[in-house]
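Data first, discussion second: the structure below is written as structure tokens.
Quick note: residue numbers are just sequence positions, from 1. Keep in mind that this is a model prediction, so the values were computed, not measured.
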Amino acid sequence: MIAVLTGDLVNSSKMKPDTYTAAISILKNIMHLADERYGAKGEIYRGDEFQIQFPNPNHAIGCTLLLKLALHCAPQTDKPILCTLSLAYGEQTLHSNNPTTATGPVFIESGRGLNKTPRGDLTIGFAGNVSEEMQLLTGFLSHQLNKMTKTQAELLYTYIINDFSDHQKIAEITKTSRQNISNRLSSIGATLIRDYIGVVNQRVTTA
């Protein structure tokens, strides 16, 4: 099984040049991170669309959230840079390191899913099928992520990229108190988001 993430930037044609440049830089940085950490290959095409293929599907949902959060807290703009994301899982062998030239059911499902996803939201699909419960959970997660402040998004990014380390370690990284980190993580439902990632990866394991 592999995972394929397809996405596009929301209203990229209306962005200021420095905001657009920042968004593309963030996408490239996350793709580099995904390649180094997980062997995932990404490509940007048509200026504001992108695709990343994950040979190990268990890395896909966490990296997807990192990408969304990194755009959300871009310092070049007061407002979050929104992106629409469609993550698909399915049985397939990878034959190309370039996702934009690869083909197969998972790539098709991810692309079609993007067309059905409300702008700025995230959807996921498993071999063309996803339960109503998972759709609801993912929709609620999208809602929560989109209404976060930049500082909340930055903290959640730190929490995820450090593999949900204990609050003391996150406090040391962010140079604040453990109690402050515990309160802030609780206020954004970070534990629930961690558990959501676990549920998705458990679904991948049993699919």
Side-chain angles (χ1 to χ4, degrees), residues 3 5-7 9-10 23 26-27 29-30 33-34 37-38 52 54 57-75 77-89 113-114 116-126 130-207:
L5 174 67
T6 305
L9 298 172
V10 174
I26 289 169
L27 288 177
N29 289 340
I30 293 295
L33 173 72
R37 279 198 173 194
Y38 315 124
I52 307 174
F54 296 87
N58 288 303
H59 298 142
I61 183 62
C63 193
T64 296
L65 296 188
L66 287 177
L67 187 154
K68 187 169 181 64
L69 291 166
L71 287 169
H72 191 100
C73 55
T77 173
D78 293 335
K79 295 181 179 180
I81 299 175
L82 295 179
C83 58
T84 309
L85 299 168
S86 170
L87 180 60
Y89 296 88
L114 184 68
K116 300 176 184 177
T117 302
R119 291 208 309 175
D121 282 358
L122 162 68
T123 56
I124 64 174
F126 296 92
V130 62
S131 67
E132 291 184 3
E133 291 83 359
M134 184 59 70
Q135 288 179 344
L136 180 61
L137 286 172
T138 305
F140 185 71
L141 174 64
S142 288
H143 175 74
Q144 289 294 99
L145 294 176
N146 286 341
K147 73 176 192 176
M148 281 185 181
T149 65
K150 283 181 177 288
T151 54
Q152 288 174 330
E154 288 170 355
L155 178 59
L156 183 57
Y157 182 97
T158 301
Y159 188 50
I160 294 175
I161 202 169
N162 286 283
D163 299 320
F164 313 107
S165 293
D166 63 74
H167 294 185
Q168 181 58 44
K169 181 176 179 180
I170 301 300
E172 292 170 359
I173 292 170
T174 57
K175 296 179 170 51
T176 186
S177 70
R178 182 188 183 284
Q179 187 60 51
N180 181 31
I181 288 300
S182 296
N183 291 341
R184 290 172 60 197
L185 287 174
S186 176
S187 70
I188 60 176
T191 300
L192 294 174
I193 294 170
R194 179 201 65 192
D195 292 347
Y196 169 86
I197 292 173
V199 167
V200 172
N201 285 337
Q202 180 62 32
R203 176 69 174 82
V204 170
T205 302
T206 59

| task | Mind checking the CD1-CE spacing from I124 to M134? Nearest 0.5 Å is all I need. | result | 5.0 Å
| query | What distance separates C73 SG from I26 CD1, expressed to the nearest 0.5 Å? | reply | 7.0 Å
| query | Looking only at side chains, do T123 and T117 share a donor and an acceptor under 3.5 Å apart? | reply | yes
| message | I'd like to know whether NZ of K150 has more than 12 heavy-atom contacts from other residues, nucleotides or ligands below 6.0 angstrom. | response | yes
| query | How many angstroms lie between CD1 in I181 and CD in E172, if you round to the nearest 0.5 Å? | reply | 10.5 Å
| said: Can you confirm whether L137 sits close enough to V200 that some side-chain heavy atom of one is under 4.5 Å from a side-chain heavy atom of the other? | reply: no
| message | Listing request: all side-chain hydrogen bond (donor to acceptor under 3.5 Å, both in side chains) pairs with a residue in residues 57-68, at least two apart in sequence or in separate chains. | response | N56-N58, K68-N146
| task | Tell me, please, which residues at least two apart from D195 pass side-chain hydrogen bond (donor to acceptor under 3.5 Å, both in side chains). | result | none
Enumerate, atom names and distances included, each donor-acceptor pair closer than 3.5 Å involving a side-chain atom of residues 182-193, sequence neighbours excluded.
| unit_1 | atom_1 | unit_2 | atom_2 | d |
| --- | --- | --- | --- | --- |
| S182 | OG | H167 | ND1 | 2.7 |
| S182 | OG | R178 | O | 3.1 |
| N183 | OD1 | Q179 | NE2 | 2.9 |
| N183 | ND2 | Q179 | O | 3.3 |
| S187 | OG | R184 | O | 2.7 |

| message | Could you check whether any side-chain N or O of S86 sits under 3.5 Å from a backbone N or O of T6, counting only pairs where one atom can act as donor and the other as acceptor? | response | no
| message | Rounded at 0.5 Å granularity, tell me how far CG in L114 sits from CG in L122. | response | 11.0 Å
| message | For L65, run the side-chain contact (heavy atoms from CB on, under 4.5 Å) check against L156, L145, L85, L87 and tell me which one passes. | response | L145
| request: Drop me the distance from L66's CG to T158's OG1, to the nearest 0.5 angstrom. | output: 9.5 Å
| said: Taking the side chain as everything from C-beta on, heavy atoms only, tell me whether T151 gets closer than 4.5 Å to L155. | reply: no
| message | Can you pull out every ring pair (Phe, Tyr, Trp, His ring centres under 6.0 Å) where at least one residue sits in residues 182-202? Sequence neighbours excluded, please. | response | none
| Stepwise, does the side chain to side chain contact (heavy atoms under 4.5 Å, CB included) test hold for R37 with I161? | CA-CA 11 Å; R37 279 198 173 194; I161 202 169; 3.7 Å; yes
| task | With sequence neighbours left out, write down each residue that passes side-chain hydrogen bond (donor to acceptor under 3.5 Å, both in side chains) with T176, or none if nothing qualifies. | result | N180
| remark: Residue pairs passing the ring pair (Phe, Tyr, Trp, His ring centres under 6.0 Å) test with at least one member in residues 135-164, sequence neighbours excluded, are Y159-F164
| request: Locate the shortest heavy-atom distance separating T84 from G120; write the atom from each residue and the value. | output: OG1-N, 2.8 Å
| remark: Distance col, row C63:SG vs Y38:OH, nearest 0.5 angstrom, shows 5.5 Å
